[in-house]
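Values reported hereafter were calculated over all heavy atoms of this structure, with side chains retained and with hydrogens, waters and symmetry mates removed. Here is the naming used below: chain letters follow the sequence lines, and residue numbers restart at 1 for every chain.
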Protein chains: 2
Amino acid sequence: MGHTWLGLMARTPRNTLSADLIVRTALELMEAKGTDAFSLRGVAGELGVGPMALYTYFRNKDDLYDAVRDHLMGLLPAVPSDAPWPDQVRAVCRSLRLLMLQHPCLAQLLAGRPLSGHETARVAEGLLGVLRAAGFDAETAARTHTTLFTYVLGSTSWEIQMAAERRDPEAWRRLRTSMESLSARDFPSVVELAPELARTTGGDEQFDYGLDLLLAGLQLRTPS
Amino acid sequence: MGHTWLGLMARTPRNTLSADLIVRTALELMEAKGTDAFSLRGVAGELGVGPMALYTYFRNKDDLYDAVRDHLMGLLPAVPSDAPWPDQVRAVCRSLRLLMLQHPCLAQLLAGRPLSGHETARVAEGLLGVLRAAGFDAETAARTHTTLFTYVLGSTSWEIQMAAERRDPEAWRRLRTSMESLSARDFPSVVELAPELARTTGGDEQFDYGLDLLLAGLQLRTPS
DNA sequence: CACCGTACTATACACTGTACGTTAGGAGCA
DNA sequence: TGCTCCTAACGTACAGTGTATAGTACGGTG
């Protein structure tokens, strides 16, 4: 039987199954077939195992989601240490965005669940450390962290969502026609700016534009 | 049979069923039981009708989601016309946030689908009009609109999600213990700022903090 | 009245997550 | 070695889901 080790029960796998293997297989399936098409039965089948075998390692589907999310967060690089703090903040935000773009399922994994897990905490630690080192007080650092995080999350999720929509020709066609059916009298600005709106939905420039707005506002509050 | 009227086919309802009634019933169910527990069979049952009856008015579940979203967007007030443009922008963002808080399902309805529908266009028109009137060029207005929208969406969605988590005692307890199990040596800032982080997750002050950062950055780019 | 389009029904299918009870095989001890 | 416990994994089953397909009955129009 498994011995307790540092207070944690190390289960004795009898077969090739393990929590880490399940997480990696789940991640593969999410990236191959999309987060929506992901199912416990799918990953169990991929592992050649009954659906209920997964419940030995995860208490339910959400628990597996959390594990996959934390696994992905572990791929984030460390904060560059030799740079002015605005550049450090920019680097953290950009690398989170990049990770979300490389693993689109991360957007949905981050959206619906609270943050937990060691890797996730490590990321928060990096950003909070930069802000504290820059001299911001506790409350401002926490507020800024939340603001930056929700901006990156919202902005990049939106970008991923729109990119997916653009790939579906049927949905994209319906979106175009519904856009073009708007009367130029009732919606002058929307109709006039339609090309710009389409062009500014996503992309590095759009992301940096918003990030620069936030950082510019933040630098006005730079402590001493 | 129904006659075509202004190019739109007006179907002849035989019973009390109608697209608007379905949307209102769906909205009621979403707010009562949560967006996740919502189902087509649920709203059909509420209306005393078979599940397939809804497919006469909506092509699928997502189509119904879009209709509910646009219905909610129609509740947004018009932009105040007699105010400096930063106050107008603030008002638009705040009223969208308020609507999302009053109707938590709106967060999920906005997150997963592209924007379409007349009421949604009306909201975009309001914000874009303010930005154009303030003198911003087309590209900057579009970029700013996208930035503000994604900030409001991400920030308020996060707030709603965390508030829901806090109401579930089981999930909340697990979150607390996972937070407290973090070593103060590995995560000094997270542990030190834990109370601030908990306090700054949501609330008007947190929202306004980020919004003010954005607006401060934007005012640095005010045209002439 | 006859007819036809259509609002709605009934049935069915392929799925989902997961609760419950069972089986089989490794580990520890007599 | 043989006994016992623990537990990883299995099998079955259930209550749901969205929706494809075929059928039914009713209202407006000829």
Side-chain angles (χ1 to χ4, degrees), chain A residues 1-5 8-23 25-26 29-30 32-68 105 108-109 112-113 168 170-171, chain B residues 1-5 8-23 25-26 29-30 32-68 105 108-109 112-113 168 170-171:
Chain A
M1 61 165 286
H3 276 266
T4 56
W5 179 65
L8 278 167
M9 181 63 104
R11 293 187 147 150
T12 69
R14 191 147 51 221
N15 214 341
T16 57
L17 221 50
S18 77
D20 195 62
L21 180 62
I22 294 175
V23 166
T25 309
L29 277 189
M30 281 185 199
K33 317 191 64 178
T35 319
D36 294 345
F38 167 84
S39 74
L40 289 184
R41 296 176 125 95
V43 44
E46 189 75 17
L47 290 165
V49 131
M52 295 313 288
L54 308 181
Y55 281 77
T56 305
Y57 299 90
F58 302 97
R59 84 181 75 220
N60 53 31
K61 198 187 189 186
D62 281 344
D63 200 26
L64 176 53
Y65 278 156
D66 287 350
V68 174
C105 55
Q108 276 164 266
L109 293 175
R113 310 272 309 159
D168 179 358
E170 167 64 13
Chain B
M1 57 165 288
H3 275 266
T4 57
W5 179 65
L8 279 168
M9 180 63 104
R11 295 191 145 147
T12 67
R14 191 148 53 224
N15 213 341
T16 57
L17 220 51
S18 76
D20 195 62
L21 180 61
I22 294 176
V23 166
T25 309
L29 277 189
M30 282 186 201
K33 317 191 63 177
T35 319
D36 293 344
F38 167 83
S39 73
L40 290 184
R41 295 176 126 96
V43 44
E46 189 75 16
L47 291 164
V49 130
M52 296 312 291
L54 309 181
Y55 282 77
T56 306
Y57 300 90
F58 302 97
R59 83 180 70 218
N60 53 33
K61 198 187 189 186
D62 281 343
D63 200 27
L64 176 54
Y65 278 155
D66 288 349
V68 173
C105 55
Q108 277 165 264
L109 294 176
R113 309 274 308 159
D168 178 357
E170 168 64 15

Interatomic distance, I22(B) CD1 vs dA7(C) P [rounded to whole Å] = 11 Å

Judged by nearest nucleotide, the residue sitting upstream toward the 5' end of DNA chain C, R59(A) or G42(A), is G42(A)

Closest heavy-atom pair and its distance - F58(B), A67(B) = CE2-CB, 3.5 Å

Taking the side chain of R41(A) as heavy atoms from C-beta outward, which of dA8(D), dG17(C), dG18(D) is closest to it?
-> dG17(C)

Taking every non-hydrogen atom, the tightest pair across L109(A) and Y65(A) | CD2-CD2, 3.6 Å

Checking all strands, does A53(B) fall into the base, sugar-phosphate, or nothing category for heavy-atom contacts under 4.0 angstrom?
-> base

Tell me which nucleotide among dC8(C), dT16(C), dT19(D) gets nearest to the side chain of P51(B).
-> dT19(D)

For Y65(A) and for M52(B), find the nucleotide of DNA chain C with the closest heavy atom, then tell me which residue's nucleotide is more 5'.
-> M52(B)

How long is the line joining CG of L17(A) and P of dG25(C), in whole Å?
-> 16 Å

Length of the line joining F38(A):CZ and dC15(C):C1', which is rounded to integer Å | 15 Å

Expressed in angstrom and rounded to an integer, what is the separation of D62(B) atom CG from dT17(D) atom C1'?
-> 14 Å

Of the candidates dA9(D), dC8(C), dG17(C), the side chain of Y55(A) sits closest to dG17(C)

Nucleotide dT17(D), atom P - distance to NZ of K61(A) in whole Å | 15 Å

Y57(A) atom OH is separated from dA8(D) atom P, nearest whole Å, by 6 Å

Would you mind reading off the distance between N60(A) atom CG and dA19(C) atom P, rounded to a whole angstrom?
-> 8 Å

Heavy-atom pair of closest approach, residues P51(B) and A44(B) | CA-CB, 3.6 Å

Minimal non-hydrogen separation, Y57(B) against L17(B), with atom names | OH-O, 3.4 Å

Please report, rounded to the nearest Å, how far the C1' atom of dA7(C) is from the CZ atom of F58(B).
-> 14 Å

From the list dA7(C), dT17(D), dT18(C), which nucleotide is the closest neighbour of the side chain of T56(B)?
-> dA7(C)

Nearest heavy atoms of A26(A) and V68(A), plus distance in Å = CB-CG2, 4.1 Å

